[in-house]
Amino acid sequence: MADYFFGITDIGRKRTNNEDCFIAENLAGGSQVLACVIDGVGGYEGGEQASAIARETILQGISNEITEPIDALKQALISANEKIFVEKSNNPEHNKMACVVTLVIADTGRNKFYYAHVGDTRLYLLRDNTLVKISSDHSAVGYLEESGRLTEEAAMRHPRRNEISKALGFQPSIDVQSDFIETSESPFLPGDTLILCSDGLTDMINNEAISAILNSAATLEEKGSRLIKAANDAGGNDNITVVIVQNNNKPQPLEATKPQQKKENHSAASIPPETKLDITSQAPKTNKNNLIVPLLIFLILGLGSFSGWLWYKKNNPLNSEVPGNKITSQKNEDERSFAVMVNDTTGSTNQIITPGSAKNIILSDAIHFTHDTVRLNLNHTLFIADSAYNGPAFIFSHQCRYISISKASFKNFTTGIQLNGQEIHLDSVSFPNTISGIQQNIILSDSIFSGRIPAVLFFRNDSIYTHK
């Protein structure tokens with residue numbers, strides 16, 4: 001295999017056959033890598049056969065470089081589902097055969113990855129030593145974990161951990177249900193690593209252990225082998241499969257922007273447009289001397305008003321500058337880059353935003369989110385309100401159904417996060433010098449209402465989980 005992708009599977013310590021299989025290979029004609037992990041369901045022969053059918057169908061459907069990756073990935077899974085269902089219908093002894101699958105096209109030419117997913121195999125993104133789960137587990141326990149109702153450790157020990165709600169082969173056709181296949185695309189930046197795995201890995205070792213191995217100074221082959229060994233050392237209760245894909249492109253340097261020059265005096269040239277005078281529109285020249293005194297008074301009043309405005313902007317606590325950060329009313333490079341990351345992810349299921357490293361980002365406008373599921377691991381980024389901006393930092397539209405934010409701070413905003421009737425899950429999030437950390441807009445239908453709506457929801461400190 002190439003030095004930037006690697007796949008490995010192992011039978012584990014408790015099984016007598018391997019129902020897992022994988023794909024890790026270049027697509028002909030370009031810089032795309034096809035990566036896939038498949039986990040069979042349905043008994044000794046049924047699960048293994050379902051996995052083999054899915055793998056063969058995917059390889060037949062995706063063999064060359066793809067111009068429309070999401071459509072190709074979905075069609076491959078739809079075809080695999082149909083073939084598995086036909087096979088189980090023709091063989092009653094395999095009436096429970098099915099498989100779960102995570103399928104990825106990693107395009108290092110475009111610095112993007114695309115995925116399609118059904119079941120509880122997983123896709124992770126490792127960026128700047130931080131591991132983020134991309135796919136959702138299509139199971140009751142997976143939903144409880146992702147919504148914050150179960151910790152990772154509790155979910156790993158849950159007796160219903162392996163009960164899934166979706167798989168290829170469960171029903172004759174999966175294209176009639178628009179959200180049966182989870183799909184999305186996201187930036188795949190230089191230095192990023194994608195990890196696909198079966199639950200034989202994630203049921204045995206947690207994210208912290210996986211991150212430690214992936215962040216070690218080792219080849220991809222060594223990392224894959226160490227992950228297999230760690231799962232086996234923890235019990236090896238199931239087959240274990242891992243595929244790793246790395247973007248080895250060199251980072252492109254950002255173009256330096258010329259800093260704005262700060263004016264040192266407050267001459268008439270710096271007076272706001274509304275206070276400037278068009279002297280040519282004044283009275284005839286014969287009366288010019290009579291205008292000197294009014295002109296001086298007007299200039300003094302204009303300069304006084306402008307000085308008062310500057311004093312207010314400087315002393316207003318909501319607009320105070322943070323030492324070491326230049327605040328400007330124009331969008332800065334970090335703000336533009338973050339907005340591009342938000343808008344550069346298509347699909348309705350997942351959106352993962354992970355800035356390259358902890359930094360300060362000054363916002364002069366709100367960041368809007370419209371995806372069905374939004375998970376933000378922000379790597380201790382501090383968002384700061386521009387001195388001229390009085391709106392919220394993040395706005396989540398009513399289309400967002402699941403929102404999770406971790407490791408972020410919102411400073412000097414009137415409102416940090418604006419919601420529209422959703423619940424939100426926070427982890428290590430703070431709102432220094434922000435008047436309203438979270439604003440919840442109540443969505444009402446066209447009906448007529450009578451009753452009382454409380455102005456504020458109060459929480460006691462002992463009823464909320466907080467990080468000290």
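Both backbone and side-chain heavy atoms feed into the values below; hydrogens, waters and symmetry mates do not.
D107 and Q32 form a side-chain donor-acceptor contact under 3.5 Å, judged by distance and modelled atom types alone. Judged purely by distance below 3.5 Å, without hydrogens or angles, the side chains of D39 and S198 never pair a donor atom with an acceptor atom. Residues S79 and Q75 have side chains that bring a donor and an acceptor to within less than 3.5 angstrom of each other. Between H94 and Q49, the side chains place a donor N or O and an acceptor N or O closer than 3.5 Å (distance only, hydrogens not considered). Between the side chains of N162 and D199, at least one donor N or O sits under 3.5 Å from an acceptor N or O. A donor-acceptor pair shorter than 3.5 Å cannot be found between the side chains of Y4 and N249. For the residue pair N247 / T108, no side-chain donor-acceptor distance below 3.5 Å is found, with atom types taken as modelled.
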* Asked: L168 and V101: side chain to side chain contact (heavy atoms under 4.5 Å, CB included), yes or no, with the steps?
  -> CA-CA 8 Å; L168 301 186; V101 57; 3.7 Å; yes
* Step-by-step side chain to side chain contact (heavy atoms under 4.5 Å, CB included) determination, I403 to H425 -> CA-CA 6 Å; I403 305 168; H425 305 277; over 6 Å; no
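Taking the six-membered ring for Trp, F170 and F85 have ring centres at least 6.0 Å apart.
For the atom pair I367 CD1 and I395 CD1, the distance stands at 9.5 Å (nearest 0.5 Å).
Under a cut-off of 6.0 angstrom, the local environment of CD in E153 is crowded, with over 12 non-hydrogen atoms contributed by other residues, nucleotides or ligands.
Screening H117, R375, R122 for a side chain to side chain donor-acceptor pair (under 3.5 Å) involving S136 leaves a single residue, R375. Remark: of the listed residues K14, R13, R15, R15 is the sole one forming a salt bridge (charged side-chain N to carboxylate O under 4.0 Å, His left out) with D238. Residue E145 forms a salt bridge (charged side-chain N to carboxylate O under 4.0 Å, His left out) with just one option from K133, R161, R157, and that option is R161.
Taking the ring centre of F383 as origin, the terminal cationic atom of K411 falls outside the region bounded by 6.0 Å and 45° from the ring axis.
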